[in-house]
Amino acid sequence: MNQCISEMEAALADLLQTGLDTGAGSSAAELARLAERCEACGLHTGSALLARLSGLLEERAHTLHKQDGPLLELVFQTEHYIALCRERWQETEILRGWQERQEQDTEGGDCA
Amino acid sequence: MEIPQTLRAALLSADEEYLIALCNKGTVNRAKKDLAAVRPELRQTEGEAVTVSVGDAVCTITAPLGSSTCSCPSSAMCRHRMSAILWLREQAAQENTAPGEAAPPEETPDTAEELIARLSACPPQALIRQLGERRVAALVQRESSGEGAAIREASTVTVELPWIPAVVRLLFPLEHSSCSCHSQSFCVHKAEALLTWQLRRGLVTADSLLEASRGDAGSAPDRREICAAVQTALGDWMRAGLTRLPASSQETAERLAGLCHTGSLPALERAMRRLHGELQSYFARSAAFRAEGLLRRLSEVWRLASALQTAPEQEARRLAGAFREEYQAVGSLRLYLLGLQEVELAGGYAGTVYYFWETQKHRYYAYRDLRPQFYEGSRQSGHTETILWELPGTLRQLWNCRIDLTGARVGGEGNLSSTAQCRGTLVQKTPPGSVLPPQAVEEEFSSLLPRSRPGLGELERLAILRPQRGEQQPYDTVEQRFALRLLDGAGRDVWLTVRFREGRQAMLEALEQLAGQWEQNPALRPVFFGALYREGGRLCLHPIECFTDWEGTP
């Protein structure tokens, strides 16, 4: 899941790097692919956000009069979602690390 | 080929300078190169517009040329549109010339004259309002000292503003003028360029500008207007992308922060200043800069501006925040100065933060001696520490001392006020172990996780740890980071990490020395005081103080 969150974050950072005016086309395909991965990872909201974002970017590429308000709103909403997911994942990961360490110590103790 | 009359006139009157002003020199040159490889095809003529396909893109070229559109993702004048315009201009010129005859004189309106008339007619009041009193005064000052903008007039008016830096190309119609900041709206640089031009032409005088700007100073901008301005800037940056972001975006961020301040939107001002800090870090090519971090700041500003724009009055007041904390009287406090650290915040403030433990309420308080760094764009040197609460010395001198306060005032987050009504009495220097109760010292780390949540205030994330053992990690030469893994009795770990930075050398050396001593003597059991945070899948501690003799003499 963390890999998926990182990829989502990297895709949005790429979009920021290239800008909507130049990178929107390639980003749309990448985000659509990521939306499927998110669904498989169980990140349903993330998948829905990315699918909508991909759709809007794709649409934008073929629109003469571009209205970027809803698209920007969605980009920043997705960024916020990633931040919340990351927070949750970190918590789980820290607890998992502690658990593993305790189990290792217990096993070590049992062997001794 | 039939080109509508209005479009033909616009094409014939557009010289190289005009085309560059519509976008930039690079795009015009690129379009010329493209034309050598791809021949545009005329698709249809509808009314005053002509549809031309250039490679995969379909462009609709119309008069004025700046209103032309393209099916490619670019929202600004792109190479496809420019190729189509250049090609159509070529066709129009050929049609105008009969075979074997010299070209007849162009019967097109004089664009330069039209532009001058349009620029002269632009009311200075609107420009003054957009610039504000301070900026107008600076403009007048620069003009009078002869260090003003460089202005060149032809079919367009090019104004160079080297102090920003920005290059503005004003053309007719005015809304298609371009600026090197990539803003598609009538940005502050365009306003400054136009007002400078009007002043240089004698259409306005320095005195009238200064007077008008002072008269306009009282009209505070509307909350929704400010939020819209902030979102417009963010939209421009997102469209341009980081790779094409002009250096003037830093100045724009700072100006918008100032605008938020004037409009009584302190929370948005702080968010804008943090964003400004991130942009500075990008343009300074700082190794610590991450595009993800900038995106987070942009998101924070955008969401707050959105909420402020749509919120009803009462909710908007809550979202706007407060400039200064409302300090409440809390009576007497029995404090113990546990530690202090020098900070430089992304929001543009720097100074010292002092951390206290309150022995009766068993909670942390802080006194923040912070000064803004954003005035004049440089760190203010020579800041002297003040003596607070009529104590016999500066707080730095009272480290690990007990201090009793009467008439204390505290902000909502636990920040102490320096109010003159508060009186302090120095009790004595005491070892921390004899002041702080054992339950304030964490020997078991399981309870630390909820206290490290992002979004919590700094004082809520403070913790005192007494680990069972420590494992020093090899110094990370790539990230320039010192790391010490602290473990409790059950093997739960907290990572003490410090990234090397100017002014942190002494701290890193002390930590390395401590880690060495601890390795030699596992019974040392040092105590660490710091702020918890999360990084990756790790729980981390940013150290503020380390104590090797907690119960003994500090």
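Every heavy atom of this structure was used, including side-chain atoms; hydrogens, water molecules and symmetry mates were not. Throughout, a chain's letter reflects where its sequence line sits, starting with A, and its residues are numbered from 1.
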Quiz prompt | Option that, when pairs with chain A are counted at under 4.5 Å, heavy atom only, ranks first among Cys78(B), Ser299(B), Gly241(B) | solution = Ser299(B)
Quiz item: Heavy-atom distance under 4.5 Å to chain A: side chain of Leu298(B), backbone, both or neither?
Solution: both
Quiz item: Looking at His80(A), Gln99(A), Glu9(A), which one has more heavy-atom pairs under 4.5 Å with chain B than the rest?
Solution: His80(A)
Quiz item: With only heavy atoms counted, which part of Glu535(B) is less than 4.5 Å from chain A, the side chain, the backbone, both or neither?
Solution: backbone
Practice problem: Nearest 0.5 Å please: distance from the CD atom of Glu30(A) over to the CG atom of Asp14(A). | Solution: 7.5 Å
Practice problem: Name the region of Arg538(B), side chain, backbone, both or neither, that has any atom closer than 4.5 Å to a heavy atom of chain A. | Solution: backbone
Practice problem: Would you please say whether a donor-acceptor pair under 3.5 Å links the side chains of Ser452(B) and Arg534(B)? | Solution: yes
Exercise. Among the options Leu242(B), Asp493(B), Leu449(B), pick out the one with the most heavy-atom pairs lying under 4.5 Å from chain A.
Key: Leu242(B)
Practice problem: Show your working on side chain to side chain donor-acceptor pair (under 3.5 Å) between His276(B) and Gln250(B) and close with a plain yes or no. | Solution: CA-CA 6 Å; His276(B) 176 233; Gln250(B) 298 168 85; 5.3 Å; no
Quiz prompt | Neighbour count above 12 (heavy atom, 6.0 Å) for Glu175(B) CD | solution = yes
Quiz item: Hey, are the side chains of Asp68(A) and Met238(B) touching, using non-hydrogen atoms and a 4.5 Å cut-off?
Solution: no
Quiz prompt | Segment of Arg296(B) engaging chain A (4.5 angstrom heavy-atom cut-off) | solution = both
Exercise. Mind ranking Leu234(B), Val58(B), Leu245(B), Leu487(B) by heavy-atom pairs under 4.5 Å with chain A and telling me who comes out on top?
Key: Leu487(B)
Quiz item: Will you find, in the side chains of Tyr282(B) and Ser249(B), an N or O donor that is under 3.5 Å from an N or O acceptor?
Solution: no
Self-check item: Contact origin within Thr243(B) toward chain A - heavy atom pairs under 4.5 Å
Solution: both
Practice problem: State whether Glu300(B) and Arg297(B) are salt-bridged, where the test is any N-O pair (Lys NZ or Arg NE/NH1/NH2 against Asp/Glu carboxylate O) under 4.0 Å. | Solution: yes
Quiz item: Which residue out of Cys70(B), Cys59(B), Gly235(B) racks up the most heavy-atom pairs below 4.5 Å with chain A?
Solution: Cys70(B)
Quiz item: Does a donor on one side chain sit under 3.5 Å from an acceptor on the other, for Thr51(B) and Glu46(B)?
Solution: no
Quiz item: Where on Thr60(B) is there a heavy atom nearer than 4.5 Å to chain A: the side chain, the backbone, both, or neither?
Solution: side chain
Quiz item: Based on non-hydrogen pairs under 4.5 Å, which of Gln77(A), Arg96(A), Glu73(A), Arg86(A) is most in contact with chain B?
Solution: Glu73(A)
Practice problem: Give a yes or no on whether Arg33(A) atom CZ has more than 12 heavy-atom contacts from other residues, nucleotides or ligands under 6.0 Å away. | Solution: yes
Quiz prompt | Proximity breakdown for Glu100(A) and chain B, heavy-atom pairs closer than 4.5 Å | solution = neither
Quiz item: Does any heavy atom of chain A fall under 4.5 Å from the side chain of Ala490(B), the backbone, both, or neither of them?
Solution: both
